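Below is one structure, written out as structure tokens, with a few remarks after it.
Every chain is numbered from 1, with letters handed out A, B, ... down the list of sequences. Just so you know, these numbers come straight off a predicted model, no measurement behind them. Computed over heavy atoms, backbone and side chain alike; hydrogens, waters and symmetry mates excluded.
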Amino acid sequence: MPELPEVETVRAGLDALISGATIVSADVRRDSCVRLLPGGPAQFAAMLADARIEAVVRRGKFLWMPLAHGTPPQMADAVPAEALSAHLGMSGQFRVHEGAGAPAPHPHCRARLHLDRGGTVLTLDFLDQRTFGYLHVEELVETADARAGGAGSALAAVPESVAHIGRDALDPAMDVEAATRAWRRGTRGIKQVLLDQTLVSGIGNIYADEALWAARVHPERPAHAVSAAQSRALLDASREVMSRALVQGGTSFDALYVNVNGESGYFSRSLEAYGRGGEPCGRCGRPLRRAGRSSPARAGW
DNA sequence: AGTAGCACCTGATTGC
DNA sequence: TGCAATCAGGTGCTAC
């Protein structure tokens with residue numbers, strides 16, 4: 001499943017291939033992959049036509065591409081007000097084909113965008129087997145934390161649907177003290193809190209389990225019973241394991257095949273906890289016990 | 001306000 | 001063999 005490292009791999013791949021390209025047309029092959037607009041998929045396609053993709057940006061697991069329309073003389077100070085946003089859900093993928101004669105759309109292809117990058121024909125397919133992902137065209141809005149962002153963040157605005165999402169674990173502008181303080185409020189199990197994208201974004205089921213294992217904190221421990229030191233250890237562990245995954249995801253990446261398949265195992269050999277219920281713990285050798293719903297397991301903390 | 005629970009959807013796997 | 005139940009999982013909405 002795509003979590004922060006997988007989505008960042010996709011973002012970097014897309015950015016290299018389609019930034020600066022103009023959208024010629026959009027072909028929505030399954031209406032429900034486009035978020036509700038008053039005019040439906042037709043409006044979606046109309047809003048994209050002739051727009052130029054300025055960049056590919058990410059916060060947590062959310063992706064978006066600020067759009068510029070037309071080429072007015074005063075373009076220099078024109079700030080994109082709109083973006084094509086995307087969420088990969090559980091199974092979303094982007095694939096780019098360069099040149100004319102793109103292959104027939106895959107059965108899971110939900111939308112196909114035709115692009116032009118300086119005269120080169122590009123085909124951008126959005127694939128999504130389980131259909132939890134989506135595409136959307138929406139306004140960019142300023143958020144308080146975007147304005148307060150310190151050094152390192154170029155983010156000035158985020159799509160409306162991302163406004164409630166917290167800065168992600170690898171964002172240099174994230175406020176560590178505020179984040180760990182927020183984590184320790186409330187009665188929910190700490191794993192639930194790690195998965196709450198409004199506090200710190202980007203952490204999903206896999207990396208939550210890995211961080212909990214590394215920091216030796218039980219996933220069902222009430223958040224208020226987690227110490228400040230443990231909370232910082234959890235954040236550090238999340239960053240560390242996601243950084244390692246990102247390096248591996250980034251290396252095995254083919255320029256024209258933007259890989260998003262989080263299950264494809266490039267990092268799975270390194271996992272200590274996720275999906276390992278019943279297997280021996282890498283620290284103590286005792287079997288890992290499943291904890292909670294579909295949570296992996298834990299032993300030896 | 002904070003939290004639990006469910007809906008959303010499809011393909012693979014398991015059970016009868 | 002064939003069909004039905006189960007699972008997987010991120011997000012967003014509703015209800016308590």
Subject >> Option passing side chain to side chain contact (heavy atoms under 4.5 Å, CB included) with Arg110(A) (candidates Thr131(A), Leu127(A), Val34(A)) >> reply: Thr131(A)

Subject >> His164(A) vs dT11(C): side-chain N/O to OP1/OP2 distance below 4.0 Å >> reply: no

**OP:** Indicate whether OP1 or OP2 belonging to dT11(C) is found under 4.0 Å from a side-chain N or O atom of Gln197(A).
**Re:** yes

Which whole-number value in Å describes the distance from [X] [atom1] to [N] [atom2]?
{"X": "His87(A)", "N": "dG10(C)", "atom1": "NE2", "atom2": "P", "answer": "9 Å"}
{"X": "His108(A)", "N": "dG11(B)", "atom1": "NE2", "atom2": "C1'", "answer": "7 Å"}
{"X": "Leu199(A)", "N": "dT3(B)", "atom1": "CG", "atom2": "P", "answer": "9 Å"}
{"X": "Leu195(A)", "N": "dG12(C)", "atom1": "CG", "atom2": "P", "answer": "14 Å"}
{"X": "Asp196(A)", "N": "dA1(B)", "atom1": "CG", "atom2": "C1'", "answer": "13 Å"}
{"X": "Leu127(A)", "N": "dC9(B)", "atom1": "CG", "atom2": "P", "answer": "19 Å"}
{"X": "Arg184(A)", "N": "dG2(B)", "atom1": "CZ", "atom2": "P", "answer": "16 Å"}

**OP:** In plain terms, say whether Arg283(A) and Glu272(A) are close enough for a salt bridge, that is, a side-chain N and a carboxylate O under 4.0 Å apart.
**Re:** no

Original post:
Any salt bridge between Arg188(A) and Asp196(A), counting N to O under 4.0 Å?
Top reply: yes

State which of [options] makes the closest approach to the side chain of [X].
{"X": "Tyr274(A)", "options": "dT11(C), dA8(C), dT3(B)", "answer": "dA8(C)"}
{"X": "Arg30(A)", "options": "dC9(B), dG12(C), dG10(C)", "answer": "dC9(B)"}
{"X": "Lys61(A)", "options": "dC9(B), dG10(C), dG12(C)", "answer": "dG10(C)"}
{"X": "Gln129(A)", "options": "dT11(C), dG12(C), dG11(B)", "answer": "dG11(B)"}
{"X": "Glu3(A)", "options": "dG10(C), dA4(B), dG12(C)", "answer": "dG10(C)"}
{"X": "Arg110(A)", "options": "dT11(C), dG12(C), dT10(B)", "answer": "dT10(B)"}

**OP:** With rounding to the nearest 0.5 Å, note down the distance linking CE in Met47(A) to CD1 in Ile23(A).
**Re:** 11.5 Å

**OP:** Return yes if some donor-acceptor pair links the side-chain N/O of Arg58(A) with the main-chain N/O of Gly60(A) below 3.5 Å, else return no.
**Re:** yes

Original post:
So what does Thr187(A) touch, heavy atoms closer than 4.0 Å: a base, only the sugar-phosphate, or nothing?
Top reply: sugar-phosphate

Original post:
Does Arg130(A) get its side chain close enough to the base of dA8(C), under 3.5 Å, for a donor-acceptor pair?
Top reply: yes

